[in-house]
Amino acid sequence: MSPKSALKATSEPVLPETSLRPTLLLQWYDRHRRRLPWRAVPGEASDPYRVWLSEIMLQQTTVKAVGPYFEKFIARWPDVTALGRASLDDVLRMWAGLGYYSRARNLHTCAVAVTRDHGGVFPNTEEGLRALPGIGPYTAAAIAAIAFDRRTMPVDGNIERVVSRLFAVEEELPQAKPLIQQLAATLLAESRSGDSAQALMDLGASICTPKKPACSLCPLHEDCTARARGIQQSFPRKAPKKNGTLRRGAAFVATRGDELLVRSRAEKGLLGGMTEVPGSDWLAGQDDARARQQAPELKGLSRWQRKLGVVTHVFTHFPLELVVYTAKAQARTRAPEGMRWVPIATLADEALPNVMRKVIAHALGLSPAASS
DNA sequence: TAGGCGTGGTC
DNA sequence: TGACCAAGCCT
């Protein structure tokens, strides 16, 4: 099953495909894994207590911040029964500075419960773990996979990002969580579930970063749908904060020698009267293929070519994402009605709004001077 | 289910 | 320099 068909079949189960991805991932992990205080060294069994403690501390918290706290806790309370005997006050004092203090309360309550109700032994199933305070869906799966080698894939923010790029998941978070969960599960190796999960997390933390991902170093880059389209940084899709819904469209940059095809926008409304290159309408949830169909029709024009990447712009009330197409026109090709050819050299004299400066710069491979 | 919960780092 | 983000959970 191709990634694309997996996306479309959202109502049907996505079967794990036979692919090299899990193997490539583990090979990369074996060479590049981070050495972290709570991780067992290769070949050594991991300690559920250390895994649990680290996972709680790492919730919405950076590895760097957690390090010293983890060492302090382990030194003072080397196992879960020791922590279960501690006073809440002591635990809170030790936690001070890490933030999200309900985690510390739940941590203590959980240690008491494991000590009292489970004989000091952590449950070894996702379901059993999930029932403990402070352990949600992610943490239960993470402990089950890492500490007990259960075949489950925890999905955190890192893995959401990696997976949404790998499969170019267009659905927005948080609605896309079930789909991403299914797709992420296809990256589980037959064995070494915990390593598969940690490999994805390390990948997300060091290579597939939110901004400027280092795709050339990624073991999966040949296989990455978003990368192939040059739009990896736009994933994961997320519902914009409140400042309007993302709209999408296409812009068409046609050149005739050293001239550019432009038109003027309607007098009223957004960017009223400003100059623009021809484009599709801008709609929330715009479909790329649909936008593509709105290209201007000119005789003597080469095929429209899609530029890699997208142009983004934020208006007061909505963000905009434009895909850009370019084409070359033969000499003396006539401009369609309502449009005109202008010399690229005199574009500075046109009433070009910023978003159009970005589009043209992107299309022609220029630096977007006087834009931003 | 959307909001609240802490802190430090990045651009 | 004000968002945005970082191994989410609880209500």
Side-chain angles (χ1 to χ4, degrees), chain A residues 29 33-40 46 48 50-70 73 91-110 113 126 129-147 152-165 172-178 180-181 184 187 193-214 233-244 246 312-314 316 319 372:
Chain A
Y29 184 67
R33 69 161 75 190
R34 291 177 291 177
R35 300 174 167 282
L36 301 171
W38 44 87
R39 277 189 183 166
S46 57
R50 295 168 70 95
V51 174
W52 164 71
L53 179 59
S54 66
E55 289 298 340
I56 301 298
M57 288 183 166
L58 286 162
Q59 290 168 4
Q60 297 290 284
T61 309
T62 59
V63 164
K64 185 182 176 186
V66 165
Y69 284 86
F70 179 81
F73 269 71
V91 173
L92 286 173
R93 268 193 287 274
M94 198 73 101
W95 193 278
L98 245 199
Y100 284 132
Y101 297 100
S102 66
R103 288 186 300 172
R105 297 177 182 280
N106 287 144
L107 185 83
H108 183 251
T109 306
C110 182
E126 241 180 301
L129 289 160
R130 182 70 182 78
L132 292 166
I135 298 182
Y138 162 76
T139 305
I143 298 172
I146 297 169
T152 182
M153 180 62 87
V155 178
D156 71 338
N158 282 311
I159 297 181
E160 280 178 349
R161 186 171 58 255
V162 172
V163 169
S164 66
R165 287 173 176 171
E172 292 180 339
L173 287 171
Q175 293 83 355
K177 278 177 181 289
I180 290 176
Q181 174 73 59
L187 300 175
S193 291
D195 284 350
S196 296
Q198 293 179 97
L200 278 180
M201 292 187 218
D202 280 16
L203 197 60
S206 58
I207 306 285
C208 196
T209 49
K211 293 174 183 172
K212 299 186 177 178
Q233 236 173 259
S234 68
F235 294 95
R237 307 287 198 205
K238 289 183 184 177
K241 280 298 181 271
K242 178 218 170 177
N243 34 3
L246 174 69
T312 60
H313 188 77
V314 181
T316 318
S372 72

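We use all heavy atoms of the structure for the numbers below, so side chains are in, but hydrogens, waters and symmetry mates are not. Numbers restart at 1 for each chain; the letters A, B, ... are given by sequence-line order, proteins then strands.
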So what does [X] touch, heavy atoms closer than 4.0 Å: a base, only the sugar-phosphate, or nothing?
X	value
Trp95(A)	nothing
Pro133(A)	sugar-phosphate
Gly204(A)	nothing
Leu107(A)	nothing
Arg105(A)	nothing
Pro137(A)	sugar-phosphate
Ile135(A)	sugar-phosphate

Exercise for review: Could you work out the separation of dC9(C) and dG8(B) based on their P atoms and round it to a whole Å?
Suggested key: 22 Å

**Study point:** dG3(B) versus dC4(C) - spacing of their P atoms, nearest Å
**Key:** 15 Å

Check your understanding: Which residue, Pro174(A) or Lys211(A), contacts DNA chain B at a nucleotide closer to its 5' end, judged by nearest heavy atom?
Key -> Pro174(A)

Practice item. Spell out, as yes or no, whether a donor-acceptor pair under 3.5 Å connects the side chain of Arg50(A) to the backbone of Trp38(A). Key: no

Exercise for review: Give a yes or no on whether the backbone of Ile135(A) and the side-chain of Arg130(A) come within a donor-acceptor separation of less than 3.5 Å.
Suggested key: yes

OP1 or OP2 of [N] versus the side-chain N and O atoms of [X]: is any pair under 4.0 Å?
X	N	value
Arg103(A)	dG6(B)	no
Thr139(A)	dC9(C)	yes
Tyr101(A)	dT7(B)	yes
Gln59(A)	dG8(C)	no

Point to revise | Presence of donor-acceptor pair under 3.5 Å, side chain of Thr61(A) and base of dG8(B) | key: no

Practice item. Please examine the side chains of Tyr29(A) and Leu203(A), heavy atoms only from C-beta on, and report whether any two atoms are closer than 4.5 Å. Key: no

Point to revise | Donor + acceptor pair across side chains of Glu55(A), Tyr138(A) (<3.5 Å) | key: yes

Review point. Looking at Arg33(A) and Asp202(A), does any basic side-chain N land under 4.0 Å from a carboxylate oxygen?
Key: no

